[in-house]
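These notes are about the structure you will find just below.
For the single chain, residues carry numbers from 1 onward in sequence order. Reckoned from all heavy atoms, side chains included, excluding hydrogens, waters and symmetry mates.
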Amino acid sequence: MKKKAPANSFGVIGLGRFGMALAMTLAKAGKEVIVLDENEHKVREMRQYTDFAFVTSELNEEALREAGIQNCDVAIVCIGENVGVGILTTMSVIDMGVPRVIAKALTTEQGAVLKKIGAEVVYPEKDMAYFLGKKLVSNNFLDFISLDDSVEIRQVLVSGSASGRSIEELALRKKYQLNIIAIERDHKTTIEVRPDDRLWEGDIISVIGKVDAIDEFENEL
């Protein structure tokens, strides 16, 4: 598959667990990131990573343009819970001419609507192996979604030295600057990841971070 040109500016709309981890990872990778959310506390937390973090109570086109979303190479709409707002916001971003628009969905029905209006769809919190396992890249991991050539979300199959160890013991954030955003076990996915959660052979963890760091972690397994 032909690689897309590297993206340098990203808009992250919605700072839930997925949006927050995404925005932090992109900012730490040196990308220009614009973030928007109605929660002042979350926006304030993001200001240590980007100067372009804005509180907005409405996600209409005027608010999006004021934040500068139309200037982004990629915009990710991380509003899965409020279906109507997520769809309308995605439509606005597409109408503004952003080259690549990715939208979070919680159900296949929601995803179908988002695809129909022209967005790429991700399901970060439900059935990730089925919906987002695009291809088997190696013996150990599934490709989840590449945001550009340096940052991606990847599903990693737990094996070897990682089996039986807790998230805290693995110390992925300290060693590799990686965040675990979900764990899949026995065809069930949880996004409530705690430091004392123990991983076992056959678990699939979804990690977000720089490609080289994920490669290094995968090679350690």
Side-chain angles (χ1 to χ4, degrees), residues 4-126 131-132 144-153 179 181 191 208-209:
K4 294 182 174 69
N8 291 310
S9 58
F10 295 81
V12 178
I13 304 166
L15 292 176
R17 183 181 181 86
F18 175 68
M20 182 73 80
L22 186 61
M24 287 173 58
T25 301
L26 289 167
K28 287 179 179 179
K31 305 299 182 181
E32 182 178 294
V33 184
I34 298 172
V35 298
L36 292 92
D37 195 273
E38 63 180 3
N39 187 305
E40 187 174 349
H41 174 74
K42 291 179 179 179
V43 171
R44 192 161 53 242
E45 185 177 348
M46 277 304 306
R47 283 178 181 155
Q48 62 185 303
Y49 303 102
T50 175
D51 294 330
F52 308 104
F54 305 103
V55 179
T56 179
S57 58
E58 293 186 25
L59 289 171
N60 53 34
E61 186 170 338
E62 182 180 355
L64 295 169
R65 285 191 180 279
E66 189 173 335
I69 293 295
Q70 72 277 11
N71 299 318
C72 295
D73 298 319
V74 181
I76 308 98
V77 182
C78 306
I79 309 170
E81 294 79 6
N82 193 324
V83 177
V85 173
I87 291 171
L88 289 174
T89 302
T90 302
M91 288 178 63
S92 294
V93 175
I94 290 171
D95 288 344
M96 289 161 62
V98 175
R100 187 180 181 194
V101 180
I102 301 169
K104 166 184 163 180
L106 298 183
T107 67
T108 53
E109 292 80 8
Q110 183 182 0
V113 174
L114 290 166
K115 285 180 182 177
K116 187 168 286 190
I117 63 176
E120 295 178 42
V121 179
V122 293
Y123 302 83
E125 295 165 7
K126 183 178 179 182
F131 292 115
L132 301 173
F144 180 60
I145 181 169
S146 295
L147 296 170
D148 71 354
D149 288 339
S150 63
V151 178
E152 70 181 25
I153 302 168
N179 286 296
I181 60 173
I191 60 169
I208 179 172

Would you compute the distance between atom CG of Leu59 and atom CG of Leu64 and round it to the nearest 0.5 angstrom? 6.0 Å

How would you list, by chain and number, every residue that makes a side chain to side chain donor-acceptor pair (under 3.5 Å) with Asp95, sequence neighbours excluded? none

Once you round to the nearest 0.5 Å, how far does CD1 of Ile13 lie from SG of Cys72? 8.0 Å

How long is the span from the CD atom in Glu109 to the CG atom in Leu114, to the nearest 0.5 Å? 11.5 Å

I'd like to check Val122 versus Ile153 (side-chain heavy atoms, cut-off strictly below 4.5 Å). Are they in contact? no

Who pairs with Asn39 by side chain to side chain contact (heavy atoms under 4.5 Å, CB included), at least two apart in sequence or on another chain? Asp37, His41, Lys42

For Lys28, give me all partners under side chain to side chain contact (heavy atoms under 4.5 Å, CB included), at least two apart in sequence or on another chain. Met24, Tyr49, Gln177

Working to the nearest 0.5 angstrom, can you tell me the gap between Lys115 NZ and Thr108 OG1? 9.0 Å

Could you tell me which non-hydrogen atom of Val121 sits nearest to which non-hydrogen atom of Gly111, and how far apart they are? CG2-O, 3.5 Å

Set of side chain to side chain contact (heavy atoms under 4.5 Å, CB included) partners for Gln70, sequence neighbours left out: Arg65, Met96

Residues Ile117 and Met91: closest non-hydrogen pair is CD1-CG, 3.4 Å

Atom CD1 in Ile76, atom CZ in Arg100: separation rounded to 0.5 Å? 8.5 Å

Taking all heavy atoms of Ala67 and all of Leu36, pick out the closest pair and write down the distance. CB-CD2, 3.8 Å

So, does Thr50 use its side chain to make a donor-acceptor pair with the main chain of Ala53 at under 3.5 Å? no

With Ser9, which residues qualify under side chain to side chain donor-acceptor pair (under 3.5 Å), at least two apart? Asp73

Nearest non-hydrogen partners of Ala63 and Thr56, listed with the distance: CB-OG1, 3.7 Å

Kindly indicate whether the side chain of Ile34, heavy atoms from C-beta on, has any atom under 4.5 Å from the side chain of Ile69. yes

With sequence neighbours excluded, what pairs up with Thr25 under the side chain to side chain contact (heavy atoms under 4.5 Å, CB included) test? Val151, Asn179, Ile208

Please list, one pair per line, the donor and acceptor atoms closer than 3.5 Å that link side chains of residues 82-89 to other protein atoms, with sequence neighbours excluded.
from  : atom 1 : to    : atom 2 : distance (Å)
Asn82 : OD1    : Val85 : N      : 3.3
Thr89 : OG1    : Val85 : O      : 2.7

Partner residues of Glu38 under the side chain to side chain donor-acceptor pair (under 3.5 Å) criterion, sequence neighbours left out: none

What one should report as the nearest heavy-atom pair of Gly19 and Cys78 is CA-SG, 3.8 Å

Does anything in residues 44-54 form a salt bridge (Lys or Arg N to Asp or Glu O under 4.0 Å)? List the pairs, not counting sequence neighbours. Glu40-Arg44

